[in-house]
Amino acid sequence: MKQNLKIFSIITLFLLILSSSNALNITITKDDIASLPLYNITDLFEYIPAIKSSTIDGYAVDLTLNGIDTSSSTNIGVYLNDVPISTSTFQYFNLNMLPVLVSEIDSVLITNTSQNFESGFSPVANIYIYSSQPEKLNISYEGFVGNETGDPGPYKYSSELKSPNIDRIGEKSAANVNYSGNFSSIGANFIWQEVTLTDLKMRRRIHTTTFEGKGGFDNYSADLNFSYQIGKLRNEFRIGYYLIPFNFQFLPQIGREFPNETELFRANYSGIISFPNQIKNIFRVNTNKNNITSINNTFDFVMNWKKIDVEISDNLQIGNNLEIGVSASASSLRLNNDLEINQNSGQLFLRKKIFFERNILAKSLSFKKSKSQSILSIEADLHTQFNSKISLHNKLNYKLIRGFEMISPLYLSRFKSNFFLENNIIYPKIPTVNTHFFNAELGATFTENNKIELSGNLSISKYSQKMIEIFDYEINKYSFACNQAHEIDIKRINPLTISFDADFFYRFNEKLHSRFMWNTTIITTHSSEAYFEKIPRFSASWINMIKPYHDLSLSLITSYRHPTKFMEYESVNGFINSYYDNTEIIYTNEMKHIFTVNLKLRKSFFSEAVTGELLIKNIFNSYNSVHPIGVQNDLTFFAGIITNLNWRK
């Protein structure tokens, strides 16, 4: 009782002092995207210092923003043109499944703290992706081929696992057709990508797990959207389908990848009615169906998971100062025919803005209730515009989670799943506790004549009773895999994170501009909280683009990341193994500092109807390891070519 009273007293104090507002948002513009060497959406995270991304397979990524753990997909809200998009397959999060061309992205907005939104649920981060909207007709095609070298030669892609020469990044083809009229629009997108798993350790794990021993997979995604307007009502429909026929997902509880077929279907409807006096009502229906079906493997591991989610929400916007939203959702989860879980929840959302002479105060409240969990979120924002050059923004957020914060299919099936029983895996029951999350931000922005933009943001985040899974791994020298975790420990931690972000943009003239971003994170930890050492203390990116002609640009990008540590793989330290050519591999959970220099040359022809891009990454062949047991780009030089055909009318 005293602890809760103390927490609410702190919240009240901050509300009185700060009044609290829009936190510093990370905005990536179309010009930024044009200057960066991107061939997947997730490549963008390499150049945003406030975001730490790690990957095991070089394709799907786990994200950590400003020291706030977002590895669970339920903590991240993803929007495509303001429509919520499900990109998660259970606890897996993969933005690369989005059917949007990188070249067609107009901007990306990332909120690096918790934020309420209309459906009422408050994740710890939101990613908004906006694609270009053509006036009439737009047809685009994008193709990519690349090469990644692993050693001095003979530079031949080896599909038989007989050589460490893994030189190929899978090809990628994407196309879209969009038409926009005065009262209707229609669009279709399709993306195919061949993903080659380039790290030999990972390929060896897969080879010893599957009968087929494939070294990669194909990823297909398609999207159809249609909208039309009748009077004051605008209807928007979106259907998406994603398929990976032969996929590999690393399960930390098992310590290796298992082959499966991953399938995701989603459908969205939005009805937007505009009334007089700036009143608008938005009604949405979102459905998602996720399937994971296992493929034959040497361990006879069965993964037959099916999940269906349906959410209905209604949001009423009254002018610019009041929003009221309600929603209801239902979820059905079936695991290997051993367990079926049905979950229903209701959500409530309220946001009120108060306008002063130079200030905008916004206060919001959201509440979500389900059978196993309830979430209360309180938020206050204060934006002050001193003059045309200087603005100040403050934000305060408090979230109370009662019940299970960490839910995964493996945990849910811990007592009834034959897999756990047959393999003697002890998975303890997670106690029902109250988890408190508190975040406060103070930021400032300075702009002048569209030439200088400088912003800074100080963020303080505090968790209490946060649950994490602790694994104790040992490496198998024959399979390059982690031995199965027979006993999984679950700990409660109370991490405190203090971080500072800064973003400086300077436009020398129309032909040359420079952007420098950095993040400094200070984390107070004790023994159990050392889990969060995988967040770099300091990271920075410096992006320079010169554009001597309107159709020609050259970008130079340098990035630095401070050393990090993955505590869950501490037991692998010092383990020595060898490749087939007896080259020693020493495992370590400490990731060295990473400094990379990348180049991008972009040339367009025929009024940008045809565009070619040359990507050169890691020019100095620096050591780059992104995960202790995952992708290790040792002495890696990468070159890729992107061709984009764009026809507009």
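Numbers for residues simply follow the sequence, beginning at 1.
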Any side-chain heavy-atom pair from Leu615 and Leu38 closer than 4.5 angstrom? no

Taking all non-hydrogen atoms of both residues, which atom of Ser377 and which atom of Asn397 are closest, and how far apart? OG-ND2, 3.4 Å

Would you call Lys600 and Glu613 a salt bridge, taking side-chain N to carboxylate O under 4.0 Å as the test? yes

Could you check whether any side-chain heavy atom of Ile557 comes within less than 4.5 Å of a side-chain heavy atom of Ser559, counting everything from C-beta outward? yes

With a 3.5 Å distance limit and no angle check, can you tell me whether Asn359 reaches the backbone of Phe356 through a side-chain donor-acceptor pair? no

In terms of relative ring orientation, are Tyr128 and Tyr79 parallel, tilted or perpendicular, with 30° and 60° separating the classes? parallel

For Ile272 against Glu236, the heavy-atom pair lying closest together: CD1-OE2, 4.0 Å

Please confirm whether the backbone N or O of Ile390 pairs with a side-chain atom of Asn387, one donor and one acceptor, at under 3.5 Å? yes

Cationic N near anionic O, under 4.0 Å, Asp31 to Arg515: no

Judged by atom type as modelled, is there a donor-acceptor pair below 3.5 Å linking the side chain of Gln347 to the main-chain atoms of Phe349? no

Tell me whether the count of non-hydrogen atoms from other residues, nucleotides or ligands lying under 6.0 Å of NZ in Lys30 goes above 12. yes

If you take all heavy atoms of Ser604 and Thr611, which pair is closest and at what distance? CB-OG1, 3.6 Å

Donor-acceptor contact present, side-chain Gln193 to main-chain Val195, <3.5 Å: no

Evaluate the side-chain proximity of Ile360 to Leu382: yes if any heavy-atom separation is below 4.5 Å, no if none is. no

State whether Glu379 and Arg351 are salt-bridged, where the test is any N-O pair (Lys NZ or Arg NE/NH1/NH2 against Asp/Glu carboxylate O) under 4.0 Å. yes

Judged by atom type as modelled, is there a donor-acceptor pair below 3.5 Å linking the side chain of Asn509 to the main-chain atoms of Lys511? yes

Phe237 and Phe226 aromatic ring geometry - parallel, tilted or perpendicular at 30°/60° bounds: parallel

Shortest non-hydrogen contact from Ala222 toward Phe190: CB-CD1, 4.1 Å

Quick check: closest heavy atoms across Ala188 and Asn178, and the distance to 0.1 Å? N-OD1, 4.3 Å

Which heavy atom of Asn544 sits nearest to which heavy atom of Ser514, and what is that distance? OD1-OG, 2.8 Å

Could you tell me whether the side chain of Asn449 and the main chain of Lys451 form a donor-acceptor pair under 3.5 Å? no

Could you label the plane-to-plane angle of the Tyr560 and Phe538 rings as parallel, tilted or perpendicular, counting under 30° as parallel and over 60° as perpendicular? tilted

Checking the side chain of Ser35 only, and the main-chain atoms of Asp32 only, is there a donor and an acceptor separated by less than 3.5 Å? yes

Given ring-ring contact (aromatic ring centres under 6.0 Å, His included), test Tyr47 with Phe45 step by step and report yes or no. CA-CA 5 Å; Tyr47 309 102; Phe45 303 134; over 10 Å; no

Step through the shown structure and confirm whether more than 12 heavy atoms of other residues, nucleotides or ligands are within 6.0 Å of CZ on Phe446. yes

Without swapping roles, check the side chain of Asn457 against the backbone of Ala444 for a donor-acceptor pair under 3.5 Å. no

Which label fits Tyr506 and Phe504: parallel for a plane angle under 30°, tilted from 30 to 60°, or perpendicular past 60°? parallel

Side-chain (Ser539) to main-chain (Pro49) donor-acceptor, under 3.5 angstrom: yes

